[in-house]
Amino acid sequence: MLDIKYIRENPELIKENCKKRHVQVDIDTLLQTDEERREIQQNLNQLQQERNQGSKLKGKPSPEHIEKMKKIGAEIKQLEESYNQKEELLHELLLQVPNLTHPETPIGHEHEFKTLYTNQEPELKDFQTKDHEELLLKHDLLDFERGAKVVGSKFFYTKGKLVELNRALTNYGIDICQKHGFQLIETPDLAHKKILEGAGFNPRGEETQIYNIENQDLSLVGTAEITVLGYHADEVIDLEDGPIKYVALSHCFRTEAGSYGRTSKGLYRVHQFTKLEMFVFCKPNQSDQIHQDLLAIEQEIVDGLELPYRVIDIASSDLGGPAYRKFDIEAYMTMLGDPDEKDKIHQQGNYGEITSTSNCLDYQARRMNIKFHNKETNQKEFVHTLNGTAVVLSRFPIALVENHQLPDGSIKIPKALHPYLNFKEIK
RNA sequence: GGAGAGAUGGCAGAGUGGUCGAAUGCACUGGUCUUGAAAACCAGCAGGCCAGCAAUGGUCUCCAGGGUUCGAAUCCCUGUCUCUCCGCCA
């Protein structure tokens, strides 16, 4: 969330920003609530002062005094109640206000992103390419039917060499991240709702993507971003030796309510997957550079897998609440090709997201109360947080098998993974 | 699952009804001393909110939420977590 003081002082800028991001928040109501809250607080504080002074008297208080104090007490209680109401409403509104937007972020709808880089033209195969689902089913490495039987649709079993490939991808990602100074951490797959909200996810409401545990204050996490952020909740962390960098392994759960169409095929959009996620806590003046660093590491990982991809600067309306700026890497995938073109030998795929890195400034840190001690000002200040996908075991395998398939349906393993596997192809 | 003990500032740790937002030590910040550093000494040092240009003042917070009381870190209830013992178990 943003600092209420900042909103108070820059209401027009905030309204403008909400418009850019296509987010509907009633800033006027928010400001009015803030004002009402402050007014109540002033009255309340005055009464509290009377009470405190009244109770400082030594010796036995007189009956009149006791009577008066009780009256003040009752008034305070009433004011406290209305104060709490206002504050709750204010907090709710505040949670809806999205983060500020980076000056270079393209302003516009989802499709109005800016392509920053394309590594290579996707290789034109001289045969009819198959999508990953077809390939993996053929090799008996994936079982959606039994996944549906046991859990429900869009759940699956991973088998044999695909499990090994996934392990190899994970270890490959871990090694690169550790080389860059990231600490390996494996997180819980559940968290309190408060933590989810702090990360900017909404466990309640109709459009929620979150699985909730019945009768418990727990949700299944959609990403390790949530649990790593929560790891340092309500802490003052030491950033004197540089940023704190984690590479976190967790399962991810998403309800994916209302997602259909081409992108619901195979592994692209599933309810449960495993992900290796980078997460950084840093000082405010470091976050822009670190965001570039995270992107560079993601590119290093994808480069090693010899995948055609592009890097895009996500458009303002597609940033979500917490992100100030977001870069995605989109890999070329057969499955995203236009079905009408399917007969053509050179049937083309399309680009689909495989990683995403966001700079959230102090938006998440403010909600989670994570600070560092700034030596220059001798003050405790909110840290900046960033996250980025290292490896995700739903979409990485898609891009891998679709791009490295051979005419006979076998799959070539890129060199970078050879040290992690005892086979060089799947056939 | 049962029984007991506990949760206090960045950390350690006192405090069991008013003079306590809280001793003391460590850490941290500034200074004196020193060629420099260390040590020693002096001073400062929790956070949120509100009013104020500021100095400053007020208020809230001693795990969380309720309660008792003129007055709660301190007493009572509920919850969460931690530790010790017993039971059970991958």
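First the proteins, then the strands, lettered A, B, ... as listed; each starts at 1.
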Please report, to 0.1 Å, the donor-acceptor pairs under 3.5 Å made by any side chain of residues 89-96 of chain A, with sequence neighbours excluded.
none

Q. When rounded to the nearest Å, what value does the distance between C1' atoms of B/rG44 and B/rA37 take?
A. 23 Å
B/rC75 -> Watson-Crick or G-U wobble partner, both distances under 3.5 Å, gives B/rG67
Rounded to the nearest 0.5 Å, the OG1 atom of A/T129 sits from the CD atom of A/E402 at a distance of 8.0 Å
In whole angstroms, the gap separating P of B/rC70 from CE of A/M69 amounts to 10 Å
Checklist entry - Parallel under 30°, tilted from 30 to 60°, perpendicular over 60°: which one fits the rings of A/Y117 and A/Y309? => result tilted
| Think A/N52 has a side-chain N or O under 4.0 angstrom from the OP1 or OP2 of B/rU59? | yes
Exercise. Report, as yes or no, whether the 6.0 Å neighbourhood of atom CD on A/E300 holds more than 12 heavy atoms from other residues, nucleotides or ligands.
Key: yes
Checking B/rG18, B/rU59, B/rC49 against the side chain of A/N45 (C-beta onward), the nearest is B/rU59
Partner of B/rG36 under the Watson-Crick or G-U wobble criteria, both distances under 3.5 Å, comes out as none
Among the nucleotides B/rG10, B/rC60, B/rC50, whichever has the atom closest to the side chain of A/K380 is B/rG10
Quick note, A/R38 side chain, CB onward, closest among B/rC50, B/rC70, B/rU59 is B/rC50
Measuring only the C1' atom in each nucleotide, how far is B/rG47 from B/rU32? A whole number of Å is fine. 32 Å
Partner of B/rC49 under the Watson-Crick or G-U wobble criteria, both distances under 3.5 Å, comes out as B/rG58
With distance as the sole criterion, is a donor-acceptor pair present between the side chains of A/T385 and A/Q364 under 3.5 Å? yes
Ranking A/D34 and A/Q48 by the position along RNA chain B of their nearest nucleotide, the one closer to 5' is A/D34
When rounded to whole Å, the CG to P distance for the pair A/L190 and B/rU80 reads 16 Å
* Please determine if a side-chain N or O atom of A/R51 lies less than 4.0 Å away from the OP1 or OP2 oxygen of B/rG58. => no
### Query
Expressed as a whole number of Å, how far does the C1' atom of B/rC45 sit from that of B/rG31?
15 Å
| query | Any side-chain heavy-atom pair from A/E164 and A/N422 closer than 4.5 angstrom? | reply | yes
Under the 6.0 Å and 45° cation-pi test, does A/K161 pair with A/F423? yes
If pairing means Watson-Crick or G-U wobble with both distances under 3.5 Å, then the partner of B/rA90 is none
Under-4.0 Å side-chain N/O to phosphate OP1/OP2 contact, A/K86 with B/rC50: no
When rounded to whole Å, the CG to C1' distance for the pair A/D234 and B/rG10 reads 14 Å
In whole angstroms, the gap separating P of B/rC49 from CG of A/L94 amounts to 11 Å
Pairing partner of B/rG25, by Watson-Crick or G-U wobble and under 3.5 Å for both distances, is B/rC11
Q | Spacing of the C1' atoms in B/rG1 and B/rG13 (rounded, Å) | A | 34 Å
Quiz prompt | P-based separation of B/rC62 from B/rC26 [nearest Å] | solution = 27 Å
With 3.5 Å as the limit, what N/O pairs link the protein to nucleotides 61-69 of chain B?
| unit_1 | atom_1 | unit_2 | atom_2 | d |
| --- | --- | --- | --- | --- |
| B/rG67 | OP1 | A/K77 | NZ | 3.2 |

Under a 3.5 Å limit on both distances, the Watson-Crick or wobble mate of B/rC83 is B/rG4
A/E75 CD to B/rC70 P, in whole Å, measures 17 Å
In Watson-Crick or G-U wobble terms, with both distances under 3.5 Å, the base opposite B/rC41 is B/rG31
- Task: Determine the interatomic distance between P on B/rA22 and the same-named atom on B/rG9; round to the nearest Å.
- Result: 14 Å
Here the distance between atom C1' of B/rA51 and atom CD of A/E35, to the nearest Å, is 14 Å
| task | Between B/rA55 and B/rA46, how far apart are the P atoms? Round to whole Å, please. | result | 16 Å
Side-chain atoms of A/K5 come closest, of B/rC49, B/rU59, B/rG10, to B/rC49
Considering only heavy side-chain atoms of A/Q42, the closest of B/rA51, B/rC60, B/rG58 is B/rA51
Residue pairs passing the ring pair (Phe, Tyr, Trp, His ring centres under 6.0 Å) test with at least one member in residues 133-156 of chain A, sequence neighbours excluded, are A/F144-A/F156, A/F155-A/H271
Only one of A/Q286, A/M278, A/H291, A/K245 passes side chain to side chain contact (heavy atoms under 4.5 Å, CB included) with A/L386, and that residue is A/H291
Rounded to whole Å, the CD-C1' distance (A/E80 to B/rC60) equals 9 Å
With a 4.0 Å cut-off on heavy atoms, is A/Q41 in touch with a base, just the backbone sugar-phosphate, or nothing at all? base
- Query: Do the charged groups of A/K15 and A/E12 touch, with an N to O distance under 4.0 Å?
  - Reply: yes
A/E381 CD to B/rG47 C1', in whole Å, measures 14 Å
Between A/Y83 and A/G73, the residue closer to the 5' end of RNA chain B by nearest nucleotide is A/Y83
Quantified in whole Å, what is the P atom distance between nucleotide B/rC28 and nucleotide B/rG87?
47 Å
